[in-house]
There are 2 protein chains.
Amino acid sequence: MNAACHERYDLQARVLNALGHPIRLAIVEQLRGGERCVCDLAERIGAERSNVSRHLALMRRVGVLGTRREGLQVFYRLRTPCVLGLLDCATEAIRSAIDADSRALAGGEAG
Amino acid sequence: MNAACHERYDLQARVLNALGHPIRLAIVEQLRGGERCVCDLAERIGAERSNVSRHLALMRRVGVLGTRREGLQVFYRLRTPCVLGLLDCATEAIRSAIDADSRALAGGEAG
DNA sequence: TGTTAGTGTGAGTATATAATCACATTACAA
DNA sequence: TTGTAATGTGATTATATACTCACACTAACA
């Protein structure tokens, strides 16, 4: 628990929190297929434009998303495919936890 | 953006948030080597016992951690190694973002 | 039974995050 | 220059999270 660890944990926490919101996950999922503008994302997800804009800004600040301006529109994109890998890991962790639950229920193991 | 997606995003978000805190990341890192009791974790991390206990309870609720009682002590453990993979993904995403920054600074690309 | 150690939790406070509205900003086009 | 569309942001409110303190609970043991 030295200073370097502390800083690493802060960084990791920032990235994880940047993804830890249903709307932001929906955004990332939409960006899986390539860049999209704010308007487009808001409509696909079914959320307020300004709200989506805020979530996008947050992920951009953290470094998860990048932007490109084209006329009136601003296109957002994933800066690295690693993020998708991270989400896959989350899904896998969920499945593992559920499996562990089943085993615990069947075999009487501790939670 | 149907109901199933919504639910999946909620689940993913819960897992990501369960890990998105410096103290909780420190805990998980300590548990990499095997189960540990609350007291031990609190001392190693340098945080209040009650606070650590709360963080542990949170991760337990989400399904990331499991427990085992032995006398007075309660030992916490990772329920699945997937979680470590998730953290590695986060680290990789951070490195990628930093690399993208460097490239953007050098080549003048958009953020 | 009383004491002690390890853990969990209610209550209160502080802080952070989220959502919404109204409006500012930016870029384009008539 | 005036108008319009897409986006960003200040201000407000609501909600969630984090931390601390005090105390309750549980298991062991004298």
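In what follows, chains are A, B, ... by sequence order, proteins preceding strands, each numbered from 1. The figures that follow rest on heavy atoms only: side chains count, while hydrogens, waters and symmetry mates do not.
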(message) Whether B/E29 and A/R8 form a salt bridge (side-chain N of Lys/Arg under 4.0 Å from carboxylate O of Asp/Glu) is what I want to check.
(response) yes

(request) For D/dA6, take OP1 and OP2 only and decide whether either is under 4.0 Å from a side-chain N or O of A/Y76. (result)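 No.
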
(message) Taking 4.0 Å as the cut-off, does a side-chain nitrogen or oxygen of A/H55 come that near to OP1 or OP2 on C/dA19?
(response) yes

(message) By nearest heavy atom, map A/S50 and B/V74 onto DNA chain C; which one lands nearer the 5' end?
(response) B/V74

(message) If you assign B/S53 and A/H21 each to the DNA chain C nucleotide with the nearest heavy atom, which residue ends up on the more 5' nucleotide?
(response) B/S53

Starting from [atom2] on [N], measure out to [atom1] on [X] and report it in whole angstrom.
X: A/L72; N: D/dA6; atom1: CG; atom2: C1'; result: 5 Å
X: B/R68; N: C/dG6; atom1: CZ; atom2: C1'; result: 15 Å
X: A/R69; N: C/dT25; atom1: CZ; atom2: P; result: 14 Å
X: A/L56; N: D/dT9; atom1: CG; atom2: P; result: 12 Å
X: B/R14; N: D/dA16; atom1: CZ; atom2: P; result: 13 Å
X: B/N17; N: C/dA16; atom1: CG; atom2: P; result: 16 Å
X: A/N51; N: C/dA22; atom1: CG; atom2: C1'; result: 15 Å
X: A/R61; N: D/dT9; atom1: CZ; atom2: P; result: 9 Å

(request) Determine whether the side chains of B/R60 and B/T67 contain a donor N or O and an acceptor N or O closer than 3.5 Å. (result)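 Distance-only check passes for B/R60 and B/T67.
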
(message) How about CZ on B/R49, more than 12 heavy atoms from neighbouring residues, nucleotides or ligands closer than 6.0 Å, or not?
(response)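 Atom CZ in B/R49 is not crowded, with 12 or fewer foreign heavy atoms closer than 6.0 Å.
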
(message) Can you tell me whether the side chain of A/R54 and the base of D/dT7 have a donor-acceptor pair closer than 3.5 Å?
(response)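 Looking at the base of D/dT7, it does not pair with any donor or acceptor on the side chain of A/R54 (distance under 3.5 Å).
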
(request) Taking the side chain as every heavy atom from C-beta outward, state whether A/R24 and A/L19 have any atom pair closer than 4.5 Å. (result) no

(message) If you define the side chain from C-beta out and look only at heavy atoms, does anything of B/E35 sit under 4.5 Å from B/Y76?
(response) no

(message) Just to be sure I understand the rule, does B/F75 reach a base, reach only the sugar-phosphate, or reach nothing, if contact means heavy atoms closer than 4.0 Å?
(response)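 Answer is nothing: B/F75 stays at 4.0 Å or more from every strand.
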
(message) Within the 4.0 Å heavy-atom criterion, would you say A/L58 contacts the bases, only the backbone, or no part of the nucleic acid?
(response)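 Sugar-phosphate only.
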
(message) Counting only side-chain heavy atoms from C-beta out, which of C/dG6, D/dA6, D/dC21 sits nearest to B/E48?
(response) D/dC21

